[in-house]
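To keep things clear, I will list the structure first and then write my remarks on it.
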Protein chains: 2
Amino acid sequence: MTTPQLTKNQSLVFDVLEKADGPLSAYTILDKLRDHGFRAPLQVYRALEKLLEYGVVHRLESINSFVACAHPGDDCHSHGIVAFAICESCGQVMEFHDHEVDHRLMAWVRGQKFKPEKTTIEIRGLCEACAA
Amino acid sequence: MTTPQLTKNQSLVFDVLEKADGPLSAYTILDKLRDHGFRAPLQVYRALEKLLEYGVVHRLESINSFVACAHPGDDCHSHGIVAFAICESCGQVMEFHDHEVDHRLMAWVRGQKFKPEKTTIEIRGLCEACAA
DNA sequence: ATCAATTGCGTTATGCTATAACGTGTGCAA
DNA sequence: TTGCACACGTTATAGCATAACGCAATTGAT
Ligand SMILES: [Zn+2]
Ligand SMILES: [Zn+2]
Ligand SMILES: [Zn+2]
Ligand SMILES: [Zn+2]
């Protein structure tokens, strides 16, 4: 997916996520953009919907939050499944990709005649700094 | 984790999940148990909390729902990471375990000095019947 | 037996997450 | 011009989860 020119709202939401040092909830994003005219959750959710579609933002299902893609050069949609390690203490997220994991999971579901559309891999725990 | 005797509420919630043919939300469980005296969400969430702790129920983060463990004989907590294939059309869930995936993910996070606590792997898509 | 700690339970209220539904304006192509 | 697609704004509503309070039953020392 090639990323088209972002609209004003999409740019605002993306900038907030890029500048943040961790994942943000939609309502946190909303609060950060009130000074820029945002008034309602839908303004955030609609922008997020597009940013997710373009692959420049990821949704973290296990914490109902959103994060800017850590590999803006690559195309996360093309290099297979994305996995996240999420620190439950400081909120830091590490994003990574592993073709072997991808291959194993896809082989299994294909064996079940299951047609995969979207895969979530999220590891919650403690980052090095917080585990010390 | 060995499973102690379930309390009345825990048994009611577990029975509902076992008899269901797919994952259920907490509020759906609540509705199914109103005839048995359930009146508030907390009655469901408190039972679920224990059932999750005992490993007899899993939470599906990507759809905010809960499902009875498909491998009641095994101990899902001891045989590594659990993965789910969730049909977005009919709601059917397949649960499986793969040590190779487990090892790859754990090796990666250990390399990052990350201490994993809980891992979510959920593949949404279409089951064989619904993809036809 | 008694006391304290733990656990489960019921209830009310609240907070957080997400979408439905309606209307407006703008740009572009038929 | 007309029709369509798309972004946007607003209000209202739906869906998911927990805080805080009090009470009852259980357990496990002392
Ligand atoms: Zn990415
Ligand atoms: Zn941390
Ligand atoms: Zn299981
Ligand atoms: Zn299906």
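Note that the structure is a prediction, hence the values are computed from the model and not measured. Throughout, a chain's letter reflects where its sequence line sits, starting with A, and its residues are numbered from 1.
- The OH atom of B:Y27 sits 13.5 Å away from atom OG of B:S65, with the distance rounded to the nearest 0.5 Å.
- The aromatic rings of B:F96 and A:W108 lie parallel to each other, with less than 30° between the two planes, well short of the 60° mark.
- Between the CG atom in A:L105 and the CD1 atom in A:I81 there is a gap of 5.0 Å [rounded to 0.5 Å].
- The distance from atom CD1 of B:I29 to atom CD of B:Q43, rounded to the nearest 0.5 Å, is 12.5 Å.
- Rounded to whole Å, the distance from CG on B:L42 to P on D:dA17 is 12 Å.
- With contacts defined as side-chain heavy-atom distances shorter than 4.5 Å, the pair A:R59/A:L52 qualifies.
- Read 5' to 3', the first and last nucleotides of DNA chain C with an atom closer than 4.0 Å to a heavy atom of chain B are C:dG8 to C:dT12.
- The residues A:E53 and A:K50 are annotated as salt-bridged, a charged nitrogen and a carboxylate oxygen being separated by less than 4.0 angstrom.
- A heavy atom closer than 4.0 Å to some atom of DNA chain C occurs in A:S25, A:Y27, these being the qualifying members of residues 22-32 of chain A.
- Side-chain contact check for B:V82 versus B:H58: some heavy-atom pair is nearer than 4.5 Å.
- Here A:L33 contributes atom CG and A:T28 contributes atom OG1; the two are 11.0 Å apart, rounded to the nearest 0.5 Å.
- Note on the helix from C:dA1-D:dT30 to C:dA30-D:dT1: terminal axis deviation equals 30°, with five pairs used at each end and the result rounded to 10°.
- If you take OG on A:S25 and CG on A:L60, they are separated by 11.5 Å, rounding to the nearest 0.5 Å.
- Contacts between residues 43-50 of chain A and DNA chain D, defined by a heavy-atom separation below 4.0 Å, involve A:Q43, A:R46, A:K50, listed by number.
- Note that OG1 of B:T7 is 12.5 Å distant from CZ of B:F14, once rounded to the nearest 0.5 Å.
- Contacts between residues 8-15 of chain A and DNA chain D, counted as heavy-atom distances below 4.0 Å, involve A:K8, A:N9.
- When all heavy atoms are compared, the tightest approach of B:C127 to B:C90 is SG-SG, 3.8 Å.
- Rounded to whole Å, the distance from CD on A:E61 to C1' on D:dG15 is 16 Å.
- Annotation: side-chain hydrogen bond (donor to acceptor under 3.5 Å, both in side chains) contacts involving residues 114-127 of chain A, sequence neighbours excluded, comprise A:S62-A:E122, A:T120-B:R124, A:R124-B:E61, A:R124-B:T120.
- Using a 4.5 Å cut-off on side-chain heavy atoms (C-beta onward), B:K32 and B:L24 make contact.
- Cluster annotation: A:M94 and A:L126 are assigned to distinct hydrophobic clusters (Ile/Leu/Val/Met/Phe/Trp/Tyr, side-chain heavy-atom contacts under 4.5 Å, transitive).
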